[in-house]
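In what follows, chains are A, B, ... by sequence order, proteins preceding strands, each numbered from 1.
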Number of protein chains: 2
Amino acid sequence: MANIQEVAKKAGVSVATVSRVLNHHPSVTPKTRVKVENAIRELNYEPSMLGRNLRNSESRLLLVLIPSISNPFYTEIINGIQTTAIKHRYNILLCETNSDPRRENIFFNMVRNKLADGIISMDPTINKQKLTELAEHHSVILCSEYMEDGSIPYVTIDNERAAYQAVKHLIILGKKKVALINSDERFLYARQRRRGYEKALTEFGIPITDAFIYNTNELNFHDGVQAMRMLLRTGEKPTAVFAVSDTLAIGALKEINASGLKAPEDIAVAGFDNISFSNMSNPTLTTIAQPMYKMGATAATMLINQIQSKQVESIVLEHELIIRESTMG
Amino acid sequence: MANIQEVAKKAGVSVATVSRVLNHHPSVTPKTRVKVENAIRELNYEPSMLGRNLRNSESRLLLVLIPSISNPFYTEIINGIQTTAIKHRYNILLCETNSDPRRENIFFNMVRNKLADGIISMDPTINKQKLTELAEHHSVILCSEYMEDGSIPYVTIDNERAAYQAVKHLIILGKKKVALINSDERFLYARQRRRGYEKALTEFGIPITDAFIYNTNELNFHDGVQAMRMLLRTGEKPTAVFAVSDTLAIGALKEINASGLKAPEDIAVAGFDNISFSNMSNPTLTTIAQPMYKMGATAATMLINQIQSKQVESIVLEHELIIRESTMG
DNA sequence: TTGAAAGCGCTAACAT
DNA sequence: ATGTTAGCGCTTTCAA
């Protein structure tokens, strides 16, 4: 692999001139430019990012932290991030943490070591303290899951209000016994969505029953099946279910079906996220749509601004209740 | 961010000694080692990968190229890659190309520039020629989709035989009119699976009808719906469908349902990949299971061996036909 | 055992 | 307009 020296020699110029051509510096004669360009082509030369980055202390690489690639929720967000990043000549690298702290550390260090210019974290399981430390000297944006102290800029939606609206929708349909399939409440979004659920029940004078609340370990289909199975075993069966993710909701639908019950007649079901599969399930799923692409695009814009030392403000985006067959069969 | 100089000064030693401590070089007195370690801790020092990589020409980073994160097929493969990489002190970065050649180029250059040590490509849309060029001087492994000339080591399954088995399964059920929903046949796997389909038909003396073969642009749910819609418009409706991906098959199921038909009674459906959703559809989907985790793990092992200049051989792994409700209701 | 110094590939300040 | 050169942070050879 040729380096800048060899190109300079071949073109009969100095390395500085080669560098200028590389960086489109205006002060280069067309004639020398051509000479250099020819040499570059002949030698198949590609500038080393390593040398360049070391010198410039910038890599134009952004890290995107996700707990798991298998969660379809992230797909559109990443799309938004990527498109925005490219528009600003940045590239993104996806980092799957699998909620493993060691892996987290590696990615944090990539930023410390200037191998990447900043991080967008969508990982609710992330070590908040370490991230805050990193954010003191480096560019960090939170997307979707955030920290209430506001120490790190974020883009998110109003989880509490969204959950409230979904549950209210179920209640208005005449369903009084609304169950909640929630995830681990050590996550902020889970606590917020629970608050929304409770607020809706309270508003309609419906008591909050522990037997109607089930917390899953993860957000997989199978957790939804399991949760629904447990809820159906309670003395009084629920007539509606609000699940905090579509994958859970689809699992719940499956179990309802397997028990010989019908959605929405026997049990209405609402999910959260509006993943593409929520339109493929049978029945199709009522859910809360988050503006995923926009969330991603916003997060990327914020991060790039932060890297360029501009002031950034946290943003709460609008969501939307999408009514489909699982509640309005 | 402190650098090695400051650590050296603080510890009252030379940078060389600090470097030796960092790299666990045996020839350092325990006493000096402690001095240096203290300085490192006090300054919160983290060695710069940039400097280190520039010097060592290695990054211990592996790139994984996928066309799109939204395809669940890749999930388990990536899991296998990641677990294996970590075991060998490598880290992986996911690179979504979106089939955009410019993005491809950026990732290729990351390898050329030593920002990454090698690439595992799972992208069927990749520029074969550029990849071959890259592979001449760098470590590259193909996973799933590969090149028949064998110029780049690969790990894959026998697509033709797998498709043959799936279609044979449909025929044995008594379905004579078997349609094929294939993707773009510029991809090797698509051509191979078509060959398997044709081989099964031929073996049972069933003529191959163009009207029963539909090629989609992409592998999304919606393409499956569209494909099925077209197939249902043919004069003679098919009684079975083999789709080359589960997402397509689930789309086909949806359309069958929407037309008031029943799977498998009216039309049996088989997919390919055994993605997690294939067990969540209604009816659950008969499909070909690829050993995804093993494929990923194998690809990672091969890549790491190649980086270490060991000899690597291409591997064809075993698949399995999983029979579920969509063919055996 | 430790230190001095060269050099990995590049950019930019300064000089011409 | 172009060249010379220092230096980004690190590792490693050579010398002490």
Q: Would you mind reading off the distance between Asn23(A) atom CG and dA13(C) atom C1', rounded to a whole angstrom?
A: 15 Å
**Q.** Arg55(A) side chain, from C-beta outward: closest of dG3(D), dC8(D), dC10(D)
**A.** dC8(D)
Q. In whole angstrom, what separates Asn113(A)'s CG from dC10(D)'s C1'?
A. 11 Å
Q. Among the nucleotides dT1(C), dC10(D), dA5(C), which one has an atom lying closest to any side-chain atom of Val15(B)?
A. dA5(C)
Q: Quickly work out the Arg112(B) CZ to dC8(C) P distance and round it to whole Å.
A: 21 Å
Q.
From C-beta outward on Val13(B), which listed nucleotide comes closest to its side chain: dG3(C), dT12(D), dT11(C)?
A. dG3(C)
**Q.** dC8(C) OP1/OP2 closer than 4.0 Å to side-chain N/O of Ser48(A)
**A.** no
Q | Residue-phosphate contact under 4.0 Å: Thr29(A) side-chain N/O, dT2(D) OP1/OP2 | A | yes
Q: Would you mind telling me which of dT12(D), dA1(D), dG9(C) lies closest to the side-chain atoms of Ala16(B)?
A: dT12(D)
**Q.** Nearest to side-chain heavy atoms of Asn56(B), which nucleotide of dT12(D), dG9(C), dA4(C)
**A.** dT12(D)
Q) dA6(C) C1' sits how many Å from Gln5(A) CD, rounded? A) 14 Å
**Q.** Pairwise 5' ranking along DNA chain C for Thr17(B) and Gly51(B), keeping only the more 5' one
**A.** Thr17(B)
Q: Could you check how far CG of Asn109(A) sits from P of dC10(D), rounded to whole Å?
A: 12 Å
Q) Does a sphere of radius 6.0 Å around CD in Gln129(B) hold more than 12 heavy atoms from other residues, nucleotides or ligands, not counting ones at 6.0 Å or beyond? A) no
Q.
On the nucleotide dG9(D), are OP1 or OP2 found under 4.0 Å from the side-chain N or O atoms that Arg52(B) carries?
A. no
**Q.** Candidate pair Leu94(A) and Cys95(B), rule side-chain contact (heavy atoms from CB on, under 4.5 Å), full reasoning
**A.** CA-CA 7 Å; Leu94(A) 259 33; Cys95(B) 304; over 6 Å; no
(Q) What I want to check is whether an N or O donor and acceptor connect the side chain of Arg20(B) with the base of dG3(C) at under 3.5 Å. (A) yes
Q. Does Glu42(B) pair with Lys10(B) as a salt bridge, N-O distance under 4.0 Å?
A. yes
**Q.** Out of dG9(D), dA1(D), dC10(D), whichever nucleotide has its closest atom nearest the side chain of Leu54(B)
**A.** dG9(D)
**Q.** Presence of Ser19(A) side-chain N/O under 4.0 Å of dT11(C) phosphate oxygens OP1/OP2
**A.** yes
Q: Describe, as an angle rounded to 10 degrees, how the axis at the first end of the helix from dT1(C)-dA16(D) to dT16(C)-dA1(D) is tilted relative to the axis at the last end, five pairs per end.
A: 40°
Q. Between Leu50(B) (CG) and dT11(D) (P), how many Å, whole number?
A. 12 Å
Q) Just checking Ser57(A): base, sugar-phosphate only, or nothing, at a heavy-atom cut-off of under 4.0 Å? A) nothing
Q) Taking side chain as C-beta onward, heavy atoms only, is Ile119(A) less than 4.5 Å from His138(A)? A) no
Q. Can you tell me how far C1' of dG7(D) sits from CD1 of Ile4(A), to the nearest Å?
A. 15 Å
Q. With sugar-phosphate meaning primed atoms plus P, OP1 and OP2, does Val28(B) contact a base, only sugar-phosphate, or nothing at under 4.0 Å between heavy atoms?
A. sugar-phosphate
Q) Quick one: does Val140(A)'s side chain get under 4.5 Å of Phe108(A)'s, heavy atoms only? A) no
Q) Got Pro67(A) and Tyr74(A) here, is their nearest side-chain heavy-atom distance under 4.5 Å? A) yes
Q: Could you state the atom-to-atom distance from NE2 of His25(B) to P of dG3(C) in whole Å?
A: 14 Å
Q | Min side-chain heavy-atom separation Thr17(A)-Lys35(A) under 4.5 Å | A | no
Q. Does any non-hydrogen side-chain atom of Lys114(B) lie less than 4.5 Å from one of Asn53(B)?
A. no
